[in-house]
Number of protein chains: 2
Amino acid sequence: MSSAAKPSSPRASPPDPPDPPDSPNPPDPTGSKGAGRRRRLSEQERRSQIISATVATVADLGYNGASLERIAATAELSKGLLSHYFGDKETLMTQTARITLDAVRNGIAATLDLSVPVPDVIRQSIHRVAAVHTTYRAELTALDQIITHLRDADGHPILGLGDYESTYLEQEKLFRRGQQEGSLRAFDTRVMAVTYQGALDAMLGYLRQHPEIDPDTYAHVVADLIIAAVQSRPDS
Amino acid sequence: MSSAAKPSSPRASPPDPPDPPDSPNPPDPTGSKGAGRRRRLSEQERRSQIISATVATVADLGYNGASLERIAATAELSKGLLSHYFGDKETLMTQTARITLDAVRNGIAATLDLSVPVPDVIRQSIHRVAAVHTTYRAELTALDQIITHLRDADGHPILGLGDYESTYLEQEKLFRRGQQEGSLRAFDTRVMAVTYQGALDAMLGYLRQHPEIDPDTYAHVVADLIIAAVQSRPDS
DNA sequence: AATATTATTGGCCGCATGGTCAATAACACC
DNA sequence: GGTGTTATTGACCATGCGGCCAATAATATT
């Protein structure tokens, strides 16, 4: 999942002389994962393979750099198949974004223990997100690219931050619980959710740009800041 | 600034028969803003005119939608001039980003009173940034687009968040002052600067998506959150 | 094994874009 | 007013892209 596709040929095969007789890959029939010159596999597998390649390519080369041809090259299959399975590029990108977003969300939410006090849940979340930066680095980059680049015919964004909406709602629920429990002070939960999300995004961006920093250490400091902001305190 | 160029002649002269005999423009020499069919003006004016058009177009149609032709149309001049003054598109975009960034920064920093206690400076800043969302809406959108879309030949980003670096340094200075003054508690100033910046960006994004929200009101709530996070407190 | 089915390919087409250039006309100077 | 300079134009070209389709070969079916 992480590195998606093979780093085989950085340069695609030339258009005119497409290696005429011999096959570019060993004649390995259906058997193992090795690819015959042509492999037929299930729609499920193809789709996820294509999406993986899309994520990898977009993450590496940006939205504009990710032409259908390049994506096909990354996935080691022909451009035509992309059209076959996804119709047009917009659909491909939208699907990729949707599925990837779900995957990342699950990756974060999966190991979260919601039974502890809210400040601890927050701390956990922040560490999880920082970890996700390592695990899903490409996915996050690709998501960002797709969201900011994908536009309708009029040139206006399709996948707004509206997809954050459900995350906001989730966070707000958590915050309200904390306020009822008394572990969190009173504040506007919507604004806090937005700000919190912004803080996490900033963390991800900074970690991306500074690979030398230990995510967990950084996450700890961020958690201290956030918790200081929301924790209920004796005085006001 | 917002709508960039003059609405003089929406349609350029036809290619083959370029209105032969009559003088198409009133004898309006250098003086006022009225446009002849061709106007010659100083390099300064042209450059800023082009950059304005670039900002407007990118903000409206996104990076990909902002072709040289469209930008030229917005500025009401020919595509060739863009190449003439800026060479290639990459240069145009880079210049636009640099200049616009400076403009926005100045717009924020200009009216800031640094003599008050640090928490108050922070509060001021947040309100200023929220205001900037209104004043420089197009500029901010364009900046975001250019930064996230502009890539070198290898497909990797050119204008990373590295341009935040100077902002971070500035913020850190402020935070340290507050810590020395005793108005701010002890925390890692770098992490705080990054988080703070993220919170502001999130605020801008949210305001952009929700025009019905009053920026000042929103800013006030955000300021409360941030200050709660950094303010020195009796216990803890 | 022979045949039918259809996933997969590679090349093609039209279009839009970025960049270039010779022609043109607006301005400055005399 | 005449003349030179050069800012500005509009058309042109090569390129790369997205989408399409007939040919092909890998399976399934008998």
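To find a chain, count down the sequence lines: A is the first, B the second, and so on, and within it residues start at 1.
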Here's a test of your reading of the structure: between G80(B) and K89(B), which maps to the more 5' nucleotide of DNA chain C?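 Closest to the 5' end, via its nearest nucleotide, is K89(B).
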
How is [X] classified with respect to the nucleic acid when contacts are heavy atoms under 4.0 Å: base, sugar-phosphate, or nothing?
X      : answer
L68(A) : sugar-phosphate
S67(B) : sugar-phosphate
L77(A) : sugar-phosphate
Y85(B) : sugar-phosphate

Under 3.5 Å, which N/O atoms of the protein pair with N/O atoms of nucleotides 12-15 of chain D?
none

Nearest-angstrom distance from the residue atom [atom1] of [X] to [atom2] of [N]:
X      : N       : atom1 : atom2 : value
H84(A) : dT5(C)  : NE2   : P     : 16 Å
L61(A) : dC17(D) : CG    : P     : 11 Å
D88(A) : dC21(D) : CG    : P     : 14 Å
L81(A) : dG11(C) : CG    : C1'   : 15 Å
E90(A) : dC17(D) : CD    : C1'   : 16 Å
Q49(B) : dA7(D)  : CD    : P     : 15 Å
L92(B) : dG18(C) : CG    : P     : 10 Å
L82(A) : dC17(D) : CG    : P     : 13 Å

Please identify each residue that fulfils side-chain contact (heavy atoms from CB on, under 4.5 Å) with [X], with sequence neighbours left out.
X       : result
N64(B)  : Y63(A), N64(A), H149(A), H149(B)
T217(A) : D214(A)
S67(A)  : E69(A), R70(A)
R190(B) : Y206(A), E165(B), Y168(B), L169(B), E172(B), D188(B), V194(B)

Enumerate the ring-ring contact (aromatic ring centres under 6.0 Å, His included) contacts for residues 77-106 of chain A, please, sequence neighbours excluded, ordered by first and then second residue.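 Sorted pair list comes back empty.
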
Side-chain N or O of R46(B) less than 4.0 angstrom from OP1 or OP2 on dT8(D)?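 Yes, such a contact exists.
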
Where is the tightest heavy-atom contact between G107(A) and R128(A), given as atom of each residue plus distance?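 Shortest heavy-atom separation between G107(A) and R128(A) comes out as O-NH2, 2.6 Å.
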
Between T91(B) and D88(B): side-chain donor-acceptor atoms closer than 3.5 Å: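 T91(B) vs D88(B): donor-acceptor pair found between side chains.
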
